[in-house]
Amino acid sequence: MFKHVGNRILGLGQRSPVTRGVLTRLYHERVVDHYNNPRNVGSFDKNDPTVGTGLVGAPACGDVMKLQIKVDEQTGKITDACFKTFGCGSAIASSSVATEWVKGRQMEEVLSIKNTEIAKHLSLPPVKLHCSMLAEDAIKAAVKDYEAKKAKFNGKAENASSEKAV
């Protein structure tokens, strides 16, 4: 049932013969591909010190995006990424693309991913640009969360070693 409703929303459902030739698809094929076959759906343990979690939302439309990254502590490289998104096809596609783009890159490098690049890749119309903005914000929030965890963990390690020295 959900697939049928989703296909109707994406413009892939049956139409009347009159409109069949006029309206072929409402979303770009990349959006449809990432919606129908989302990459990296899932979640990691948020308490894992190597995982950064970004949770962002858009109150205007109700989209909520959780993007998580897993970082190799030695190299600072993102080894894996996943997402869970409650939202429209463009939000799901933006999340899927974001997780693909961050994998295998350095932390500093992923901060340069801009919503305009995601929007251009997916050919998002202006009314859907907030979806790519959510993806950019989720990446930044996940990096910030990871760095906060790392600083907290390093602070505890320093305190423990200074207590032993006393």
For the pair [X] (side chain) and [Y] (backbone), establish whether a donor and an acceptor sit closer than 3.5 Å, ignoring hydrogens and angles.
| X | Y | result |
| --- | --- | --- |
| Ser95 | Ala91 | yes |
| Lys140 | Gly54 | no |
| Thr85 | Ile92 | no |
| Lys149 | Val51 | yes |
| Arg39 | Thr99 | no |

Between [X] and [Y], what is the shortest heavy-atom contact and its length?
| X | Y | result |
| --- | --- | --- |
| Arg30 | Ser123 | NH1-OG, 4.3 Å |
| Ser132 | Leu129 | OG-O, 2.8 Å |
| Leu67 | Ala142 | O-CB, 3.7 Å |
| Ile118 | Ala135 | CD1-CB, 3.8 Å |
| Gly42 | Cys82 | O-SG, 3.4 Å |
| Ala141 | Leu55 | CB-N, 4.5 Å |

Using the side-chain contact (heavy atoms from CB on, under 4.5 Å) rule, take His28 and Leu122 through it: C-alpha gap first, then chi angles, then the decisive distance, then the call. CA-CA 7 Å; His28 190 273; Leu122 293 171; over 6 Å; no

Starting at [atom1] of [X], measure out to [atom2] of [Y] and round the result to the nearest 0.5 Å.
| X | Y | atom1 | atom2 | value |
| --- | --- | --- | --- | --- |
| Lys103 | Asp80 | NZ | CG | 5.0 Å |
| Glu136 | Glu117 | CD | CD | 8.5 Å |
| Gln106 | Leu111 | CD | CG | 11.5 Å |
| Asp33 | Glu29 | CG | CD | 8.5 Å |
| Asn115 | Asp137 | CG | CG | 8.0 Å |
| Leu134 | Ile139 | CG | CD1 | 11.0 Å |

Check the pair Val41, Phe83 against side-chain contact (heavy atoms from CB on, under 4.5 Å), reporting the backbone distance first and the verdict last. CA-CA 5 Å; Val41 174; Phe83 79 95; 3.6 Å; yes

Quick one, [X] and [Y] - any side-chain contact, counting heavy atoms below 4.5 Å?
| X | Y | value |
| --- | --- | --- |
| Ile69 | Val143 | yes |
| Lys66 | Thr53 | yes |
| Glu109 | Ile78 | no |
| Ile113 | Arg105 | yes |

For Cys131 and Cys88, what are the C-alpha separation, side-chain angles and deciding distance, and is it a side-chain contact (heavy atoms from CB on, under 4.5 Å)? CA-CA 9 Å; Cys131 298; Cys88 64; 3.6 Å; yes

Would you say that more than 12 heavy atoms from the other residues, nucleotides or ligands in this model lie under 6.0 Å from the NZ of Lys46, or not?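 No, not enclosed.
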
Go through the steps to decide whether Ser94 and Leu124 satisfy the test side-chain contact (heavy atoms from CB on, under 4.5 Å), and finish with yes or no. CA-CA 9 Å; Ser94 294; Leu124 295 179; 3.9 Å; yes

